[in-house]
Structures are given as structure tokens and as C-alpha cells.
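One-based numbering along the sequence shown. Note that ligands are numbered from 1 as they come in the structure, with each ligand's atoms numbered from 1 the same way. These numbers come from the heavy atoms of this one structure, side chains and all, not from hydrogens, waters or symmetry mates.
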Amino acid sequence: MAQDIGVIGVGMIGQEHIRRLDGGPGGSRVVAVADADAERAAAVAGGLPAAKALPTGEELIASDAVDAVVVTSWGPTHEQYVLACLAAGRPVFCEKPLATTQEAARRIVDAEVAAGRRLVQVGFNRRYDPAHRALKAAVDGGAIGAPLLVHCAHRNASVPPHYTRDMSIADTAIHEIDELRWLLGQEIVAVQVLAPRRSSRGGELQDPLLVLFETADGVLVDVEVSVNIHYGYEIRCEVSGETGTVQLADPAPVHIRREGAVAGLVPADWRERFALSYDIELREWLDTLAGARLPLGPSAWDGYAAQVVSDAALQSLHSGGRVSIELPPRPGLYATPTAW
Ligand code: NAP
């Protein structure tokens, strides 16, 4: 069945997702948009064949024209819109983070549990990236024996002026938090954030950071978060196991050898690096809505669990030291693992 979608927040990733959802697989359409910036909403709607700009996200969620909602507004606004979708019985795809505190994420979990059915999917797109899926298949297939250590890096060329120190964790490393839970099929039980000498390119921002995670099975993980590294956007991950290692391949599709040097292009930003992951993520979400698949995407519980770890990492960043993490029991609604 074709899906008519409403999109709340039509900034960078909102517009990225609209390109994929309008005229997408199965004849999906974007029929409504809303944004705090009414002019931006009108301009985006004007470029789409079937979309209207509505004054508020709440009106969009209440509209009979909308089958399902995509929330791509700024993080602090996610809770109100996802809760409104749950109250209205609307399936909702919410970009990460699900909410900006674990308490807010828990309110979403509780509302979904009370509703008694899975309506929320969180935009943890690494799970849809073919390279990350191949990495997980190698680990799950026993290619390297039991995983012991994981080395990751999350590098951005630069970040906008409003980017704060906490966003290195809550907005950036949150991708690794979900990736590690999914990749290793285990919860994270402790975190410590270390701050090395500050990059002069980041101004007052504490950049880079080194984030250390411990999993329930005793796997140790180090994540470099560098958000002003200038040379490009790069995501690295290497898993070291009992009998081998597996790592994401070099991001360059080709290497050029000339004038005594080897060169390969590095993606400029997340849009370029993860384009295919967004294609697959939204196609699978539309398939789920159409009833062609079970709801296997990252759930509200995954959004909550990631937020608990993110809050613990922020505690470590602010006050130093190792912070232990204990999740409450997973509600029965999420007993079937989503993607692990
Ligand atoms: P953005 O370019 O700033 O876009 C956000 C849009 O939401 C802006 O147009 C903003 O308007 C609007 N907005 C703010 N408050 C609103 C409200 N209460 N109701 C409706 N609209 C509102 O940000 P972005 O980079 O697209 O990021 C949006 C979300 O996606 C964030 O949660 C971010 O973490 C996530 N994201 C995920 C990925 C990924 O790889 N999965 C990549 C990028 C971003 P104003 O500009 O007027 O405030």
C-alpha cells in the first residue's frame, strides 16, 4: 500500500529524506511538511507535487491526510512530536537522538508500551550501511572468533558554530553507541571519556575526545571523536577477535597512483558517506509500514538504551572517571530483538 508521509523539520536531513520518500518505492508521497521556519516549509512544499506546508508539527500529526510521520527537527523537539504520534496512533520515524535525556526517552518507551504496539523507529542508519552490515556478518559468522577489542573513529571535517562540547557525545558518538550494541549484540556496562590536548582548530571546543566503553561480555572499545579534522569525513571500525580482525574498508572507491604518491578520495560529509544507508533505511521502513516486513528497525528501546549510555558518557566528560551503566529490564514489547 502506498504511504502518504508528513515530515516535521525540513532542514538538512529532512530534505535528504524527502528526496527518498517522495515518489519512493511503492509510490510513497510526502503530503505535508512543517518547520519552525514557515518560509522554509513553504519553499520545500512548493517543490513537491503533493505536499502542503502546515503551521505546526502537531497539526501535521493530526492530519487525516498523513499515514506516517518523519521527525527530522532538532533533537530537543523530538520527544513532543514522537509522544504526539503515539497518542494519535501514527507510525513515526524519528531521527537520532530519540530524545535528549534518558528520562525523555523513557517517557516515549512507556507511552509505546502503554499503546501496546511498535510504532517508533529511530534513525540509527549505520545498521543499514552495507559496509557495517558486512562487518557484522563477519563477526556473527565467526570469521574472527570471539570479539575482544574494537577500535573506532568518528571524524568530521568541521562542525557549525552552534556545536557544543556535549554534542560530541549526544549527537555524534551516539551513532557509535548504537552501532556497538547492534554489532556486538551486547549492552554497554561502563564508559569513560578522556580529553587529550585540544585541537587549535576547534576554538573553545574540547576536541578531540577519546571515549572508552566496556560491554557486558568484557569487550573493550575505544572511539576517537574528532569534529574539526579538516581532511574530510571518515568513520572507522576495526574488531579484533581471538583468531583474526575485521575492519571497514578504506572509504575511497579507487586509489590513484601518480607522481610518486597514492591517493584516494575521502567523503566530504555524512550525506556522501551514508547515502546508501539512508536509501535502504527508508525503503525498509516503508516496507514495514506496508506490512511487507516485520518491524525490525531500531526501536524506541534502542533509542532509550543509547540515551542511557550517552548520559553516562556526558557524566564522565563533565566530572571525569569511569561511570557504570545498568539498564532496567527490557519491556516485553521489545522482547523480540529488533535487529540483533
Ligand atoms: P537542521 O538542518 O538544523 O534542521 C532542523 C530543522 O528543524 C530546521 O529547519 C529547524 O528550523 C527545524 N525546527 C527546529 N525546531 C522545530 C520545531 N519545534 N518544530 C519543527 N521544526 C523545527 O538539522 P539537521 O542537521 O537536519 O538535523 C536534524 C536531526 O537529524 C537532528 O536530530 C540530527 O541529530 C539528526 N541527523 C541525523 C543524521 C544521521 O546520519 N542519522 C545526520 C544529520 C542529522 P530552524 O532552522 O528555524 O531552527
Side chain to side chain contact (heavy atoms under 4.5 Å, CB included) between Trp182 and Leu184, worked out: CA-CA 6 Å; Trp182 166 77; Leu184 300 171; over 6 Å; no
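Taking the six-membered ring for Trp and thresholds of 30 and 60 degrees, Phe124 and His175 have ring planes more than 60 degrees apart, a perpendicular arrangement.
When all heavy atoms of Trp301 and Pro328 are compared, the pair lying nearest together is CH2-O, 3.5 Å.
Two rings, from Trp74 and His162, have their centers less than 6.0 Å apart.
Listed by chain and residue number, the protein contacts of ligand 1 are Ile8, Gly9, Gly11, Met12, Ile13, Asp35, Ala36, Asp37, Arg40, Thr72, Ser73, Trp74, Gly75, Thr77, His78, Tyr81, Glu95, Lys96, Pro97, Gly123, Asn125, Asp171, His175, Trp270, Tyr278 (heavy atom within 4.0 angstrom).
Residues Val82 and Val308 do not share a hydrophobic cluster, clusters being chains of Ile/Leu/Val/Met/Phe/Trp/Tyr side chains in contact below 4.5 Å.
Classification of Asp207 and Arg198 as a salt-bridged pair fails, no side-chain N sitting under 4.0 Å from a carboxylate O.
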